[in-house]
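Here's the structure, in structure tokens; my notes come after.
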Amino acid sequence: MEDQARLMSGLVGLSGLSQGDMGDHDALRKQHNLGQPQQDIGDILQQIMAITDESLDEAQARKHALNCHRMKPALFSVLCEIKEKTVLSIRGLQDDDPPDQQIMRLDNMLLAEGVSGPEKGAASAAAAAVAAAAGGSPNEGSIEHSDYRAKLAQIRQIFHSELEKYEQACSEFTNHVMNLLREQSRTRPISPKEIERMVGIIHRKFSSIQMQLKQSTCEAVMILRSRFLDARRKRRNFNKQATEVLNEYFYSHLANPYPSEEAKEELAKKCAITVSQVSNWFGNKRIRYKKNIGKFQEEANLYAMKTAVDAASVSSQASQANSPGTPNSGGYPAPCYTPDGRL
DNA sequence: ACTAATGATTGACT
DNA sequence: AGTCAATCATTAGT
């Protein structure tokens with residue numbers, strides 16, 4: 001019987017239903033002094049339950065009173081904890097972020113293309129790289145160059161203004177939500193941790209939007225780039241002197257017209273072209289020579305004569321000795337391709 | 001306008 | 001990675 005009474009009082013304490021229905025509340029309280037905390041919680045819960053039935057003014061007043069209640073912080077934290085353990089733990093596990101890598105890739109590309117990052121340096125560096133690939137002297141093609149640069153700058157500007165907009169919207173929205181949640185945390189169990197988490201979610205959403213922006217910017221740059229790279233085909237023939245230098249090397253190394261990396265660099269420097277242009281030239285030359293040796297015979301003889309004369313003048317100056325530097329020294333370099341097409 | 005020459009690109013190969 | 005072979009696209013000579 002006594003157990004039942006305690007149970008009853010406990011229930012009263014927790015559910016807080018009706019002082020009237022359960023008889024003399026004060027008497028009960030006196031009987032169970034030890035049960036006071038439950039009594040308090042019961043009061044609070046009861047008041048919360050009752051709040052919906054009241055008018056707005058009354059409710060406001062009651063809300064205020066509740067907020068000032070000495071048990072409020074404890075109840076709040078308990079409710080937060082319960083919530084944390086149930087809903088948030090499930091949700092929290094779900095959204096881990098794997099698309100981080102992609103955004104890194106996009107960032108890197110934008111940086112490399114000079115869209116993001118420092119203002120002039122990267123952009124001009126990229127443009128210079130393209131110019132180098134385009135070949136020709138640096139002054140040539142500066143028109144297309146500035147065109148490219150202008151378009152890139154345009155993309156850059158759009159990108160940055162959009163990014164700024166997104167960032168502003170993000171921070172505005174975040175602030176709004178934070179204020180709202182803080183406000184609501186007076187009436188709902190919302191812990192600072194939960195607010196923090198919400199902020200995280202918002203940021204993730206916005207960064208996924210940003211990723212779309214980055215992606216489309218990348219696409220725009222790629223299109224611009226490919227268009228510009230097509231313009232690379234607007235080539236210039238190398239100047240006479242450069243062709244001469246290249247031909248000289250080719251015919252004086254006809255037995256093995258494969259310049260080493262160092263030789264290529266030197267030739268590139270002499271001809272004021274890039275190493276890859278030297279490689280292109282030798283690639284073209286070898287194949288075209290091989291295809292039609294007869295056609296190049298005259299040219300071959302001409303350059304062989306030249307190198308022979310040079311060698312002669314060198315050796316006469318050095319009184320004698322054959323120079324080890326010239327593989328084909330002392331003779332007309334005969335075409336050394338075998339019938340099967342190899343050297 | 002036509003054509004040969006030529007520098008660059010691309011894909012396959014080693 | 002370097003090269004070959006085919007091809008493209010432009011330049012230059014006619």
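At a cut-off of 3.5 angstrom, counting only N and O atoms as typed in the model, there is a donor on one side and an acceptor on the other between the side-chain of Arg235(A) and the base of dT10(C). Between the side chain of Arg236(A) and the base of dT11(C), no donor-acceptor pair under 3.5 Å is found.
Put simply, CD on Glu299(A) is 18 Å from P on dA4(B), counting in whole angstrom units. Between Asn292(A) atom CG and dA6(C) atom C1' the separation is 17 Å, expressed in whole Å. Between the P atom of dC8(C) and the CZ atom of Arg288(A) lies a distance of 13 Å, rounded to the nearest Å. Atoms CD1 (Ile287(A)) and C1' (dT10(B)) sit 14 Å apart, rounded to a whole Å. If you take CD1 of Ile273(A) and C1' of dA8(B), they are 12 Å apart, rounded to a whole angstrom. Rounded to an integer number of Å, the gap from NZ of Lys285(A) to C1' of dT3(C) is 18 Å. Residue Lys240(A) contributes atom NZ, which lies 16 Å from atom C1' of dT11(C) at whole-angstrom precision. Taking atom CD on Glu298(A) and atom P on dA5(B), their separation rounds to 12 Å, with Å as the unit.
Applying side chain to side chain contact (heavy atoms under 4.5 Å, CB included) to Lys285(A) and the options Leu246(A), Thr243(A), Asn247(A) leaves one that passes, Asn247(A).
Put simply, Gln277(A) has no side-chain N or O that comes within less than 4.0 Å of OP1 or OP2 on dG7(B). Side-chain nitrogen and oxygen atoms of Arg286(A) include at least one within less than 4.0 Å of the OP1 or OP2 phosphate oxygen of dC4(C).
Which of dC4(C), dA8(B), dA6(C) sits closest to the side chain of Lys291(A) comes down to dA6(C). Ranking dA5(B), dT3(C), dC4(C) by closeness to the Lys295(A) side chain, first place goes to dA5(B). The side chain of Asn280(A) lies closest to dT9(B) when the candidates are dT9(B), dA9(C), dC4(C). The Trp281(A) side chain lies nearest to dG7(B) when the options are dA5(C), dG7(B), dT3(C).
The 5' end of DNA chain C is approached more closely, in terms of each residue's nearest nucleotide, by Ser279(A) than by the other of Ser279(A) and Asn284(A). Comparing Gly283(A) and Asn237(A) by the nucleotide of DNA chain C that holds the closest heavy atom to each, the one mapping nearer the 5' end is Gly283(A).
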Query raised in the report: Given Glu162(A) and Lys165(A), is the salt bridge (charged side-chain N to carboxylate O under 4.0 Å, His left out) satisfied, shown in steps?
Result: CA-CA 5 Å; Glu162(A) 287 296 307; Lys165(A) 265 189 234 164; 3.1 Å; yes
Report task. With ring pair (Phe, Tyr, Trp, His ring centres under 6.0 Å) as the test, would you mind laying out the steps for Phe250(A) and Tyr289(A) before giving the verdict? Result -> CA-CA 10 Å; Phe250(A) 180 80; Tyr289(A) 180 84; 5.6 Å; yes
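Two residues are said to be in side-chain contact when any heavy atoms from C-beta on lie closer than 4.5 Å; Tyr303(A) and Glu244(A) meet this criterion. Two residues are said to be in side-chain contact when any heavy atoms from C-beta on lie closer than 4.5 Å; Phe296(A) and Arg288(A) meet this criterion.
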